[in-house]
Amino acid sequence: MIDVHLDTDGTGHLSLPSGSRTIAATSLSEARADVIVILTNQAQTSGRILHANVTVTAEGTTTLEVHPNGTINEIANPQPQEPVMTASTPQPVPVAEAQPTTAPTPVPPRPEQAPQAQSDSPATPENTGPIPQAAPASPMTQTAPFTDGFITTDPPVARSFVKQSKDVPAEGFRGFVSKASGGLVNPGLSRRELHRRELHQRVAKPITGTRNIVFMCLKGGISKTSTTCGVGLSLAEFRPDAVLAVDTNPDAGDLADRLIGHDQVESLSPRTITDLVGALDSHQIDSLTDLNRYTQTSGRLHFIAGEQDPDVSESLTAEQYISVRDTVDRFYPITLTDCGTGVTHPAMKGILERGEQMVVASGWAVTGAKRAQRTLTWLHEANDGAYRELAENAIVVLTDTGATSKDVDRDAIISTLEHLCRDVHIVPFDPEVGKGDLISLDALRPATRQAYLEVGASIMDAL
């Protein structure tokens with residue numbers, strides 16, 4: 001095992017079979033590149049696989065497996081190096097295995113294919129000895145049994161005739177090694193990149209029919225719409241089919257403001273869900289082209305803006321919402337419904353009846369957490385338990401707004417909500433979310449994008 005020690009200033013040393021080497025680089029990145037070159041040259045010179053423990057101050061230890069062909073892998077449990085052959089004292093032969101001093105009485109061989117003699121004479125010692133049995137064949141050398149004259153064999157194993165190349169890492173130490181070597185060294189994907197790829201596959205899960213995800217809570221201003229936007233953009237980014245978000249908030253919902261920006265909304269004055277209902281009443285929607293006159297796009301996410309006049313939006317009935325759902329379901333397999341804060345406005349009955357998955361948005365403030373608890377409790381008990389399955393399968397998303405007191409017991413909030421729903425996810429503080437305007441995946445912090453992707457994967461798992 002080769003030991004490598006590096007400091008953050010780029011200095012360090014490594015121990016090789018030929019002696020110790022000193023690393024004197026101007027930066028940690030340059031020192032890592034020097035180490036990779038030295039290890040690769042050593043593996044090529046020796047012609048065998050080497051293992052090296054690379055310890056970086058304040059970062060920990062990474063075990064590398066270096067191949068003579070330049071391939072470098074990070075391994076969790078390194079295999080021991082090939083032992084060096086040394087002279088050893090011969091071991092005495094055990095007594096039980098020593099050859100006997102008296103040779104055993106030989107057994108006369110049986111003539112092959114000889115017919116059995118018919119005789120009434122008594123058996124003689126020559127033909128009464130035990131007949132030696134043939135030793136059973138080794139499992140590796142047994143021949144296949146015969147069945148009806150044919151040899152039964154296992155079917156051939158299907159395999160590709162094309163060598164599969166490892167994916168190239170794009171970040172972290174592995175990405176640096178790949179770039180520094182000009183692509184000659186490919187250490188493969190890190191655990192973080194492998195996990196992200198798994199999330200992408202879960203988000204892209206194939207579905208049959210249509211699904212509606214309802215985003216709601218009994219309190220406003222706790223990141224419900226931002227959660228709808230973040231999760232909707234993440235689903236649309238990685239799903240092969242189309243995703244639509246619908247703003248049904250009766251209190252001048254701001255879904256459009258968060259997806260294309262307030263200034264863009266003011267300049268475009270996009271058609272709203274109220275306009276779509278009017279078109280449906282007059283039978284003007286016969287195709288996707290007709291429906292697209294009432295939709296907008298943000299990235300790959302399509303959305304229908306909410307009504308800005310509270311008097312008009314409050315009049316949206318459950319039957320009208322169901323009519324909208326029936327229409328968009330013809331063209332969009334995944335629909336996200338951004339609800340208001342109440343559960344008594346007319347459209348809410350239709351929303352809950354046509355919902356397949358519930359997402360309850362909340363924050364870390366005590367009032368927000370209690371409203372999330374009340375929302376789940378209400379879903380468990382309302383209409384004689386008609387929405388209990390929605391509640392039990394619900395997902396809670398707690399968004400950190402950066403203004404929560406340190407006295408709040410976050411563990412207690414999580415524990416309380418976990419007993420009422422399927423999953424609890426946490427979105428870390430992000431100023432792009434907190435500013436209350438346009439939300440773009442590219443502008444979000446990596447941890448925030450990861451959190452929304454986790455929520456999207458959890459939603460698809462539940463569908």
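Index from 1, following the sequence.
Note that the CD1 atom of I285 and the CG atom of L288 stand 10.0 Å from one another [nearest 0.5 Å]. Atom CZ of R48 sits about 8.5 Å away from atom CD of Q42, to the nearest 0.5 Å. Rounding to the nearest 0.5 Å places CG of N249 at 6.5 Å from OG1 of T225. For the atom pair L233 CG and L259 CG, the distance stands at 5.5 Å (nearest 0.5 Å). Once rounded to the nearest 0.5 Å, the distance linking CG of L280 with CG of L291 reads 8.0 Å. Between the CZ atom in R325 and the CG atom in N212 there is a gap of 4.0 Å [rounded to 0.5 Å].
Closest of all the heavy-atom pairs between I23 and G10 is CG2-O, 3.7 Å. Contact between A52 and M1 at its shortest, heavy atoms only, is N-SD, 3.7 Å. Between D34 and A25, the shortest heavy-atom contact is OD2-CB, 4.0 Å. Minimum interatomic distance between S234 and L453 (heavy atoms only, all atoms of both residues): OG-N, 4.1 Å. Closest heavy-atom contact between A394 and Q357: CA-NE2, 3.9 Å. Heavy-atom minimum distance, M460 versus L235: CG-CD2, 4.1 Å.
Under the salt bridge (Lys or Arg N to Asp or Glu O under 4.0 Å) criterion, D275 pairs with no residue at all, not counting sequence neighbours. In terms of the side-chain contact (heavy atoms from CB on, under 4.5 Å) criterion, residue partners of A372 (sequence neighbours excluded) are, by chain and number, V360, S362, L417. With sequence neighbours excluded, no residue satisfies salt bridge (Lys or Arg N to Asp or Glu O under 4.0 Å) with R330. Scanning for side-chain contact (heavy atoms from CB on, under 4.5 Å) contacts around A382 gives W378, Y387, with sequence neighbours left out. In terms of the salt bridge (Lys or Arg N to Asp or Glu O under 4.0 Å) criterion, residue partners of E353 (sequence neighbours excluded) are, by chain and number, K349. Under the side-chain contact (heavy atoms from CB on, under 4.5 Å) criterion, E237 pairs with L441, sequence neighbours left out. Under the rule for a side chain to side chain donor-acceptor pair (under 3.5 Å), the partners of S287 that lie at least two apart in sequence or sit in another chain are D290. F303 meets the ring pair (Phe, Tyr, Trp, His ring centres under 6.0 Å) test with no other residue; sequence neighbours excluded. For the ring pair (Phe, Tyr, Trp, His ring centres under 6.0 Å) test, no residue two or more places apart in sequence or in another chain qualifies with H262. Partners of A204 under the side-chain contact (heavy atoms from CB on, under 4.5 Å) rule, at least two apart in sequence or in another chain, are P240. Listed by chain and residue number, D241 satisfy the salt bridge (Lys or Arg N to Asp or Glu O under 4.0 Å) test with R239 (two or more places apart in sequence, or in another chain).
The backbone N or O of G385 sits nowhere less than 3.5 Å from a side-chain atom of N383 that would complete a donor-acceptor pair. Formation of a donor-acceptor pair under 3.5 Å by the Q320 side chain with backbone atoms of T317 is found in this model. Looking at T297, its side chain never comes within 3.5 Å of a backbone N or O of G299 through a donor-acceptor pair. With hydrogens and angles disregarded, a donor-acceptor distance shorter than 3.5 Å links the side chain of R449 to the backbone of L444. Without hydrogens or angle criteria, K224 side chain to C339 main chain gives a donor-acceptor distance under 3.5 Å. For the pair T377 (side chain) and Q373 (backbone), a donor-acceptor distance under 3.5 Å is present. A donor-acceptor pair is defined here as one N or O able to donate and one able to accept, closer than 3.5 Å; no such pair exists between the side chain of K205 and the backbone of A457. Checking side-chain atoms of T57 against main-chain N and O of L6 turns up a donor-acceptor pair under 3.5 Å. Counting only distance, with no hydrogens or angles, the side chain of D247 and the backbone of L255 share a donor-acceptor pair below 3.5 Å. Put simply, the side chain of T375 gets close to the backbone of R371: a donor and an acceptor are under 3.5 Å apart.
At least one side-chain heavy atom of Q450 sits under 4.5 Å from a side-chain heavy atom of R196. I334 places none of its side-chain heavy atoms less than 4.5 Å from the side chain of L244. Counting heavy atoms from C-beta on, the side chains of S223 and T401 come closer than 4.5 Å. The side-chain heavy atoms of T335 and T210, taken from C-beta on, include no pair separated by under 4.5 Å. Taking the side chain as every heavy atom from C-beta outward, I49 and V66 never approach each other to under 4.5 Å.
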Begin with the C-alpha distance, continue with both residues' side-chain angles, and end with the deciding distance and a verdict on side chain to side chain contact (heavy atoms under 4.5 Å, CB included) for F331 and H302. CA-CA 11 Å; F331 311 104; H302 296 231; over 6 Å; no

Please evaluate residues V366 and V408 with respect to the criterion side chain to side chain contact (heavy atoms under 4.5 Å, CB included), reporting the C-alpha separation (whole Å), side-chain torsions for both, the decisive distance (0.1 Å), and the verdict. CA-CA 7 Å; V366 173; V408 174; 4.2 Å; yes

What verdict does the side chain to side chain contact (heavy atoms under 4.5 Å, CB included) test give for L398 and V427, after you've listed the backbone C-alpha separation in whole Å, the side-chain angles of each residue and the deciding distance to 0.1 Å? CA-CA 6 Å; L398 298 168; V427 176; over 6 Å; no

Checking side chain to side chain contact (heavy atoms under 4.5 Å, CB included) for the pair W364/I413: CA distance, chi angles, key distance, verdict? CA-CA 8 Å; W364 289 112; I413 292 175; 4.0 Å; yes

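Screening residues 423-437 for side-chain hydrogen bond (donor to acceptor under 3.5 Å, both in side chains), with sequence neighbours left out, gives D423-S458, H425-S458, D430-T448, E432-K435.
With 3.5 Å as the limit, one finds a donor-acceptor pair spanning the side chains of E65 and H67. Between the side chains of E389 and H380, no donor-acceptor pair of N or O atoms lies under 3.5 Å. Side chains of D9 and T11: a donor-acceptor N/O pair is present below 3.5 angstrom, by distance only. Under the 3.5 Å distance criterion, with hydrogens and angles disregarded, a donor-acceptor pair is assigned to the side chains of N53 and T63.
For D384, the CG atom sits in a loose shell: 12 or fewer heavy atoms of surrounding residues, nucleotides or ligands are nearer than 6.0 Å.
With T337 as the fixed residue, the side-chain contact (heavy atoms from CB on, under 4.5 Å) test singles out one of I351, I213, T228: I351. The one candidate from L376, L420, I426 that meets the side-chain contact (heavy atoms from CB on, under 4.5 Å) condition with V396 is L376.
Electrostatic pairing of D400 and R410 counts as a salt bridge here, judged by a charged N lying under 4.0 Å from a carboxylate O.
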